[in-house]
Amino acid sequence: MLFLATYFPKPGNPLMGTWALSQAQALRRQGIDLRVVSLTSWVPRLAGRFSAGARAYACCPRVHSWDGLRVDYPHWFLYQVGPLKRLAYRDPEPQLRLGWLSAKANLRRIMREFKPDVICAHHTLANGFIAARLHDLYGVPFITIDWDFGEITDCAVLPKRRQAFERIANKAAAAVGVAHRMEDGLRQLFPHAHVCTVHNGVAPLPVSLWKEKRPVEIQNKLVVFSAGIFYERKGFPLLVRAFAQIADKYPQAVLRIAGDGAQCSLVQQAVAETGLGNRVQLLGFQPHSRILQEMVWSDIFALIGWDEPFATVFMEAMAAGKPLVCANDGGVNDVFQDGIHGYALPPHNISAAAQALDRLLNNAGERERMGQAARRLFDDRLTSDATAKSLIKIFEAACPQRQKAGI
């Protein structure tokens with residue numbers, strides 16, 4: 001399998017697309033001969049002096065190994081930033097054609113060397129575009145996997161985006177979404193595409209995480225933990241305000257948030273306005289291993305942002321045996337049961353979030369019961385190996401020539 005994923009960890013940014021790496025590693029564990037290609041915007045080395053983000057691209061090696069998994073990082077002239085990103089979102093094909101032309105030689109070399117039976121393309125736009133071009137050249141079947149509600153539903157109001165998406169979806173052996181709501185959107189917009197759902201999964205957490213003692217600052221505390229990039233849809237200021245509504249009732253409770261981003265000032269403003277001081281602990285960006293450790297140290301995991309497709313951070317919290325507080329419009333609600341694995345609440349509803357936190361903080365037995373149920377759900381259905389097996393069935397169906405040969 002050739003595995004195309006532009007949103008994939010880079011040596012200079014290992015937090016980028018950790019779920020894509022987890023999926024690739026799970027497919028390899030299931031016996032798939034895998035080669036990962038992560039097309040990377042070309043940035044001159046001089047530009048890498050100005051920001052960590054630019055440096056991750058400017059200094060990205062051509063090939064890197066992630067625990068033995070080879071990843072190629074060919075350069076291409078496609079830049080998902082600023083005005084270029086907004087323009088490409090509305091009308092993707094001009095920039096995608098330029099990207100294809102700049103990467104074609106490297107991609108054709110990889111196809112000749114590797115000779116894949118099938119291509120897996122993360123995001124119909126842009127990797128699906130590349131997979132469709134390779135399909136036209138070599139006849140190799142491909143599937144697409146999409147991870148965001150808006151990237152699909154916006155096709156209904158952006159005609160050029162819809163045309164580009166439709167051409168690829170109709171060529172794909174399967175168009176996969178990570179949530180049933182996403183599958184429904186694909187079916188409505190692209191009735192001729194072969195559409196299905198495969199949920200996200202993550203690897204079980206290392207046993208060693210449970211051996212680490214809590215740091216002094218959270219010993220004898222009730223810990224509500226959250227993590228993510230600070231942008232509007234994640235709803236972190238709302239979570240701070242929800243916690244503030246019940247904080248006086250639980251003086252031993254703290255809210256710890258790992259992350260950073262464009263709305264950092266709004267999160268800080270919410271902390272200041274609620275007067276919570278050190279009761280809300282902003283941890284900044286943390287390595288993935290630290291996020292998982294914080295999961296294990298916590299008592300509750302809360303992320304109340306809306307339109308979450310199927311956030312892997314929920315799977316990690318369930319793997320840690322924690323009850324969830326989440327919005328009821330996200331993909332995790334395909335498997336999550338309100339009142340069984342935690343509480344699902346209407347989006348943007350601070351009072352409902354406060355009530356859910358109140359119920360969990362007030363009842364250790366309920367926290368334990370829901371956390372155990374969440375862990376069982378993870379073990380039964382949401383490990384990366386389990387979801388990889390579901391994907392492999394789709395890949396096998398896309399390769400009829402291998403089926404006929406009895407391979």
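Just so you know, these numbers use all the heavy atoms, side chains as well, and skip hydrogens, waters and symmetry mates.
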Report the C-alpha separation of Ser102 and His75 in whole Å, then their side-chain angles, then the decisive distance to 0.1 Å, and conclude whether the side-chain contact (heavy atoms from CB on, under 4.5 Å) test is met. CA-CA 8 Å; Ser102 61; His75 288 155; over 6 Å; no
I need the Trp297 CH2 to Trp210 CH2 distance, nearest 0.5 Å. 13.0 Å
Would you check if Pro116 and Tyr138 make a side-chain contact, meaning some heavy-atom pair closer than 4.5 Å? no
Would you call the rings of His123 and Trp147 parallel, tilted or perpendicular, where under 30° means parallel and over 60° means perpendicular? tilted
Between Leu27 and Phe395, is there a side-chain heavy-atom distance shorter than 4.5 Å? yes
On a heavy-atom basis, the closest approach of Leu186 and Ala175 is CD1-O, 4.2 Å
Between Lys389 and Asp385, is the closest basic N to carboxylate O distance under 4.0 Å? no
Answer yes or no: is there a side-chain heavy-atom contact under 4.5 Å between Arg133 and Arg97? yes
Taking only residues at least two apart or on different chains, which pairs with a member in residues 319-342 satisfy side-chain hydrogen bond (donor to acceptor under 3.5 Å, both in side chains)? His199-Asp334
Once you round to the nearest 0.5 Å, how far does CZ of Phe3 lie from CG of Asp72? 13.5 Å
Around atom CZ of Arg90, are there more than 12 heavy atoms of other residues, nucleotides or ligands at under 6.0 Å? no
Output, in order, the C-alpha distance, side-chain angles, deciding distance and verdict of side-chain contact (heavy atoms from CB on, under 4.5 Å) for Ser384 and Gln23. CA-CA 6 Å; Ser384 51; Gln23 186 181 78; over 6 Å; no
So do the side chains of Asn127 and Phe142 get within less than 4.5 Å of each other, counting heavy atoms only? no
Tell me, do Pro92 and Phe165 make a side-chain contact under 4.5 Å, heavy atoms counted? no
Euclidean distance, Met16 CE relative to Thr6 OG1, rounded to 0.5 Å: 7.0 Å
Asp358 versus Tyr250, side-chain donor and acceptor atoms under 3.5 Å: yes
Would you call Arg369 and Glu366 a salt bridge, taking side-chain N to carboxylate O under 4.0 Å as the test? yes
Within 45° of the ring axis of Phe149 and under 6.0 Å from its six-membered ring centre, is that where the NZ or CZ of Arg181 lies? yes
Would you check if Arg70 and Val63 make a side-chain contact, meaning some heavy-atom pair closer than 4.5 Å? yes
Between Thr312 and Asn200, does any side-chain donor sit less than 3.5 Å from a side-chain acceptor? no
Partners meeting salt bridge (Lys or Arg N to Asp or Glu O under 4.0 Å) with Arg167 (sequence neighbours left out): Glu93
Are Met315 and Thr387 side-chain neighbours, meaning at least one heavy-atom pair lies under 4.5 Å? no
Are Tyr57 and Tyr79 packed together at the side-chain level, in the sense that at least one heavy-atom pair is separated by less than 4.5 angstrom? no
Working note: Arg233 + Asp148, criterion side-chain contact (heavy atoms from CB on, under 4.5 Å); need CA distance, chi angles, decisive distance, verdict. CA-CA 12 Å; Arg233 180 172 64 77; Asp148 187 87; 4.2 Å; yes
Could you tell me whether a side-chain N or O of Gln219 sits under 3.5 Å from a main-chain N or O of Arg214, the two making a donor and an acceptor? yes
Heavy atoms of Ala247 and Arg279 approach each other most closely as O-NH2, 3.1 Å
Hey, what do you get for CG (Leu21) to OH (Tyr7), rounding to the nearest 0.5 Å? 13.0 Å
Do Arg256 and Gln281 have a side chain donor and acceptor closer than 3.5 Å? yes
Short question: side chain of Thr40, backbone of Ser38 - any donor-acceptor pair under 3.5 Å? yes
Does atom CG (Asp67) have a neighbourhood of more than 12 heavy atoms from anything else shown, all under 6.0 Å? no
Contacts of Lys85 that satisfy salt bridge (Lys or Arg N to Asp or Glu O under 4.0 Å) - sequence neighbours left out: none
Shortest non-hydrogen contact from Met182 to Pro309? CE-CB, 3.8 Å
Under the 3.5 angstrom rule, does the side chain of His194 hit a backbone N or O of Ala173 as a donor-acceptor pair? yes
Working for side-chain contact (heavy atoms from CB on, under 4.5 Å), residues Val37 and Ile130: CA-CA 11 Å; Val37 174; Ile130 299 301; over 6 Å; no
